[in-house]
Amino acid sequence: MRVTKFTHSCLRVEGAGVLVVDPGEFSEASALDGADAVLITHEHFDHLDVAAVTAAVARRPDLRIFAHEAVLALLGDVAGATTAVKAGQEFEAAGHRVRAFGGQHAIIHPYVPVFANLGFLIDDGATNLYHPGDSFVAPDVEVETLFVPLNAPWATIAESLEFVRGVRPGRAFALHDGLVNERGADVYGKHLESFSETRFQQVAPGSVLD
């Protein structure tokens, strides 16, 4: 499994096929080049760039999109390429086994509406990784590589730290880091490096992880 971390919350997973998770408006459009399938955790613009995904389907009609039904309503122009997914469901996407977890976006504030959100565990048969979307829902299986939200309106570094310590992955990398400047990321990262009880690393956009 070869993973490229793009800006903010977007991952490109390459193995039997090319699987892209959360190509949002903060992320580079190149993440979708040659993609066989796309997973979308939820409908927010930093996780879903509707125009970029629509253009990707136009370039590659066989591209498949997997997301909660609430997300698919935003993709009407490419409805034929979409598949609705529910929490607990297992399916295959771009040659990878995928299982969806959660179902609800983390609470921002009681005044703010709650959105659907799915975390995705991606398994190639040899190893796995977990992308939680905008939530701290932990999968009920062993996780080798965890991508942990670093900064968000719905998160604190204390919650991020507890998330990593609860999942106990083999290693962890920062995710959802496009909203914080370099100084803030460094401060947050040092807490996770020191106290998460696993190997934690922040990586620059474009970094490739094997």
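Side chains included, hydrogens not; waters and symmetry mates left out as well; all remaining heavy atoms used.
A donor-acceptor contact shorter than 3.5 Å is absent between the side chain of Ser194 and the backbone of His191. Between the Arg12 side chain and the Ala31 main chain, a donor and an acceptor come within less than 3.5 Å of each other.
The side-chain contact (heavy atoms from CB on, under 4.5 Å) test with Phe173 is passed by exactly one of Val3, Leu129, Leu11, Thr145: Thr145.
Across Gly133 and Pro149, no two heavy atoms sit closer than the pair O-CG, 4.0 Å. Annotation for Val167 and Ala138: closest pair CG2-CB, 3.8 Å, computed over non-hydrogen atoms. The two atoms that bring Ser207 and Ala204 nearest to each other are OG-O, 2.7 Å, heavy atoms only. When all heavy atoms are compared, the tightest approach of Pro23 to Val53 is CG-CG2, 3.9 Å. Taking both residues in full, the closest heavy atoms of Ala174 and Phe147 are given as O-CD2, 4.2 Å, listed atom of the first, atom of the second, then distance.
The hydrophobic clustering, which links ILVMFWY residues whose side-chain heavy atoms are closer than 4.5 Å, places Phe26 and Leu32 apart. In the hydrophobic clustering of this structure, Val21 does not group with Leu72; members are Ile, Leu, Val, Met, Phe, Trp, Tyr whose side-chain heavy atoms approach within less than 4.5 Å, directly or through other members. Under the 4.5 Å side-chain heavy-atom criterion for Ile, Leu, Val, Met, Phe, Trp and Tyr, Val98 and Met1 are members of the same hydrophobic cluster. Under a hydrophobic clustering in which Ile, Leu, Val, Met, Phe, Trp and Tyr are joined whenever their side-chain heavy atoms come within less than 4.5 Å, directly or via other members, Val50 and Val71 fall into the same cluster. Hydrophobic clustering of Ile, Leu, Val, Met, Phe, Trp and Tyr side chains at less than 4.5 Å, counting indirect connections, keeps Leu63 apart from Leu19.
Remark: Asn151 CG to Ile157 CD1 distance equals 8.5 Å, nearest 0.5 Å. Between the CG atom of Leu75 and the CG atom of Leu48 there is a distance of 5.5 Å, given to the nearest 0.5 Å. For the atom pair OG of Ser9 and NE2 of His47, the computed distance is 4.5 Å after rounding to the nearest 0.5 Å. Atom-to-atom distance recorded for Arg99:CZ and Ile122:CD1 is 14.0 Å, nearest 0.5 angstrom. Atom CG of residue Leu150 and atom CG of residue Leu179 lie 10.0 Å apart, to the nearest 0.5 angstrom. Atom CD of Glu28 sits about 12.0 Å away from atom NE2 of His8, to the nearest 0.5 Å.
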Output a table of donor-acceptor pairs, distance under 3.5 Å, between side-chain atoms of residues 112-119 and any protein atom two or more places apart or on a different chain; print 'none' if there are none.
residue : atom : partner : partner atom : Å
Asn117  : OD1  : His42   : ND1          : 3.1
Asn117  : OD1  : Asp134  : N            : 2.9
Asn117  : ND2  : Pro132  : O            : 3.1

Which side-chain N or O atoms in residues 76-95 pair as donor and acceptor under 3.5 Å with protein atoms at least two apart or in another chain?
residue : atom : partner : partner atom : Å
Thr82   : OG1  : Ala79   : O            : 2.7
Thr83   : OG1  : Arg64   : NH2          : 3.3
Gln89   : OE1  : Lys86   : N            : 3.0

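With sequence neighbours excluded, the residues that form a side-chain contact (heavy atoms from CB on, under 4.5 Å) with Asn181 are Arg183. Under the side-chain hydrogen bond (donor to acceptor under 3.5 Å, both in side chains) criterion, Thr41 pairs with Asp22, sequence neighbours left out. Residues passing the side-chain contact (heavy atoms from CB on, under 4.5 Å) test with Asp210, sequence neighbours excluded: Arg2, Val208. Listed by chain and number, the residues in a side-chain contact (heavy atoms from CB on, under 4.5 Å) with Val164 are Leu146, Val148, Pro169, Ala172, Leu192, Ser196, Thr198 (sequence neighbours excluded).
No side-chain donor-acceptor contact under 3.5 Å links His96 and Asp124. When only modelled atom types and interatomic distance are considered, Gln104 and Ser135 share no side-chain donor-acceptor pair under 3.5 Å.
Looking at Asp33 and Arg59, their side chains come closer than 4.5 Å, going by heavy atoms from C-beta outward. The closest side-chain heavy-atom distance from Val38 to Phe66 is not below 4.5 Å. Looking at heavy atoms from C-beta onward, Val18 lies out of side-chain contact with Val13 at the 4.5 angstrom threshold. Side chains of Phe45 and Glu43 form no contact here, defined as non-hydrogen atoms less than 4.5 Å apart. Considering only heavy atoms from C-beta on, Phe101 comes within 4.5 Å of Tyr130 through its side chain. You'll find the side chain of Phe6 stays beyond 4.5 Å of the side chain of Pro205, heavy atoms only. Side-chain contact between Ser27 and Asp49 is absent, with no heavy atoms from C-beta onward closer than 4.5 Å.
Lys5 and Asp177 are joined by a salt bridge, as a carboxylate oxygen and a charged side-chain nitrogen come within less than 4.0 angstrom of each other.
Atom CZ of Arg165 has more than 12 neighbouring heavy atoms from other residues, nucleotides or ligands inside a 6.0 Å radius.
Aromatic pair His44/Trp154: ring centres not closer than 6.0 Å.
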